[in-house]
Amino acid sequence: MTAKKSKNKRPVLLSRTRPPTVRKNHAALSAKATRTLIRSHHTLLKQRAQAIKAGDKSLTNRIDAEIAKNGGLESYQIASKLGQSLDRGGDSSKVLVDWIGPRLSWLKNTPTKLRVLEVGALSTRNACSQNAYLDVTRIDLNSQEPGILKQDFMERPLPSGDGDRFHLISLSLVLNYVPDPVGRGEMLKRCVAFLTETSPAGSSTSIVPSLFLVLPAPCVTNSRYLTQKRLQDILVSMGFSLAKNKQTSKLLYQLWDYVGSCEPKQFKKENLNPGSSRNNFAIVVKSEGD
């Protein structure tokens with residue numbers, strides 16, 4: 001069964017919410033400086049999205065100037081790479097490779113590989129890319145090296161056949177970058193259109209298409225508008241079943257198997273976890289036809 005294409009209107013492009021890249025020389029950043037830069041960049045992006053929504057061009061330009069002052073998108077990506085270095089917690093795709101390892105055992109001694117789409121790819125040398133049983137397509141809004149296609153996932157043409165679909169999609173620290181709650185819901189729905197359970201060429205083994213999702217832990221542990229249960233309700237309504245779950249003090253790792261049809265329910269921005277110290281991270285899902 002091939003995942004159904006979304007019937008929603010064309011989603012807002014990620015590139016529209018991200019400021020121009022600014023090139024700048026960067027010295028090595030400490031772990032604290034790395035976290036500060038990433039948090040600051042996310043805050044400015046949220047403010048920028050609000051300014052765009054309000055039609056305030058003057059404020060948008062001022063925020064763009066502040067983002068540029070901090071080094072722009074390139075600076076953020078460098079900080080993200082440092083955050084994934086071995087001495088700072090390592091590569092998140094190692095968790096993915098460990099989780100799906102048993103599923104890949106039947107590929108031994110065959111030329112067959114599972115197709116993987118890595119959204120927001122920062123490197124061609126992570127654990128996912130180095131696995132012999134995975135054929136990885138990497139995309140990012142600002143490609144950092146050869147082998148990563150410069151592309152907005154929300155603008156990637158919808159598949160015309162199974163050859164354009166994937167057995168696994170990785171959204172590692174990508175969903176939290178989308179500054180608009182509705183855009184996050186649209187991204188999750190769009191993933192379904194790119195998944196397939198059709199076996200790779202030359203194989204008759206049944207495939208369970210999957211979504212690897214990594215979020216900063218506070219997005220679900222300290223948000224007013226999103227909890228573990230709400231996140232699960234959202235993804236279950238899209239046809240997913242939680243296969244693996246791991247939470248550290250900093251990150252939430254999840255592997256979701258696509259096991260049903262995508263019939264997303266409406267999920268509004270509701271205060272689920274009140275408190276003055278909570279953050280405002282949310283995922284909003286519009287009903288079909290909205």
Side-chain angles (χ1 to χ4, degrees), residues 14 17 30-47 49-50 76 79-100 119-120 122 169-189 191 210-257 264-285:
L14 292 179
T17 67
S30 67
K32 182 177 180 180
T34 296
R35 292 193 297 269
T36 299
L37 191 155
I38 291 174
R39 284 197 297 266
S40 174
H41 196 69
H42 283 189
T43 298
L44 288 169
L45 281 180
K46 292 176 184 177
Q47 294 172 350
Q50 292 169 355
Y76 169 83
S80 297
K81 278 187 174 182
L82 286 173
Q84 291 190 24
S85 62
L86 290 176
D87 60 337
R88 300 191 189 175
D91 166 22
S92 64
S93 73
K94 286 185 175 181
V95 175
L96 170 61
V97 171
D98 287 343
W99 278 350
I100 66 173
V119 182
L122 295 175
I169 295 177
S170 172
L171 291 184
S172 178
L173 298 176
V174 172
L175 197 65
N176 57 294
Y177 195 98
V178 180
D180 175 56
V182 174
R184 295 170 194 143
E186 291 299 317
M187 174 174 276
L188 291 175
K189 286 196 288 186
C191 284
S210 304
L211 170 67
F212 180 59
L213 179 65
V214 182
L215 287 170
C219 288
V220 293
T221 62
N222 195 42
S223 170
R224 295 180 181 88
Y225 308 114
L226 187 69
T227 62
Q228 284 266 24
K229 184 179 185 305
R230 173 54 61 92
L231 179 61
Q232 181 161 342
D233 288 345
I234 289 172
L235 285 162
V236 167
S237 80
M238 295 181 185
F240 288 98
S241 175
L242 184 60
K244 295 286 186 178
N245 185 73
K246 174 184 177 181
Q247 184 178 314
T248 68
S249 61
K250 295 181 181 179
L251 296 174
L252 173 70
Y253 305 83
Q254 293 184 329
L255 183 66
W256 293 89
D257 289 343
K265 299 177 182 178
Q266 183 180 42
F267 290 92
K268 298 180 180 179
K269 187 176 180 180
E270 300 174 292
N271 197 338
L272 305 171
N273 195 20
S276 60
S277 63
R278 309 294 185 192
N279 64 64
N280 293 323
F281 188 82
I283 299 175
V284 171
V285 181

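All values reported here derive from a predicted model rather than from experimental measurement. Counting from 1, the numbers follow the sequence of the chain as shown.
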What's the verdict on side-chain contact (heavy atoms from CB on, under 4.5 Å) for Leu235 and Leu213, showing C-alpha distance, side-chain angles and the deciding distance? CA-CA 11 Å; Leu235 285 162; Leu213 179 65; 4.2 Å; yes
Min side-chain heavy-atom separation Val285-Lys268 under 4.5 Å: no
side-chain contact (heavy atoms from CB on, under 4.5 Å) evaluation trace for Lys246 with Thr248: CA-CA 7 Å; Lys246 174 184 177 181; Thr248 68; 4.1 Å; yes
Just how far is it from atom CZ of Arg278 to atom OG1 of Thr221, taken to the nearest 0.5 Å? 8.5 Å
When you look at NZ of Lys269, are more than 12 heavy atoms from neighbouring residues, nucleotides or ligands closer to it than 6.0 Å? yes
Heavy-atom closest pair, residues Ser277 and Asn222: O-ND2, 3.3 Å
Kindly determine whether Leu231 and Leu252 satisfy side-chain contact (heavy atoms from CB on, under 4.5 Å), including the steps that lead there. CA-CA 12 Å; Leu231 179 61; Leu252 173 70; 4.2 Å; yes
Indicate yes or no: at least one non-hydrogen side-chain atom of Tyr225 is less than 4.5 angstrom from one of Leu272. no
Answer whether the closest heavy-atom distance between the side chains of Leu255 and Val95 falls below 4.5 Å. no
Roughly how far, to the nearest 0.5 Å, is NZ of Lys229 from CG of Asn273? 13.5 Å
Report yes if the side chains of Phe267 and Asp233 come closer than 4.5 Å at any heavy-atom pair, otherwise no. yes
Smallest heavy-atom separation, Leu211 atom then Cys191 atom, equals CD1-SG, 4.1 Å
Within the structure provided, determine whether Leu171 and Phe212 are in side-chain contact (heavy-atom separation under 4.5 Å). no
Nearest 0.5 Å please: distance from the CE atom of Met187 over to the CD1 atom of Ile169. 10.0 Å
Determine whether Trp256 and Met238 make a side-chain contact, defined as any pair of heavy atoms from C-beta on separated by less than 4.5 Å. no
May I ask you to test the Leu215-Leu251 pair for a side-chain heavy-atom distance under 4.5 Å? no
For Gln228, enumerate each residue passing the side-chain hydrogen bond (donor to acceptor under 3.5 Å, both in side chains) test, keeping only those at least two apart in sequence or located in another chain. Gln247, Gln254
On a heavy-atom basis, the closest approach of Ser92 and Ser172 is OG-OG, 2.7 Å
For a quick check under 3.5 Å, do Asn279 and Arg224 share a side-chain donor-acceptor pair by atom type? no
Keeping Ser223 on the side-chain end and Val220 on the backbone end, is there a donor-acceptor pair under 3.5 Å? no
Could you check whether Asp257 and Ser241, counting side-chain N and O atoms only, form a donor-acceptor pair closer than 3.5 Å? no
Minimum side-chain heavy-atom gap Val182-Ile283 below 4.5 Å: no
Under a 3.5 Å distance rule, please check whether Arg184 uses its side chain to pair with a backbone N or O of Val178 as donor and acceptor. yes
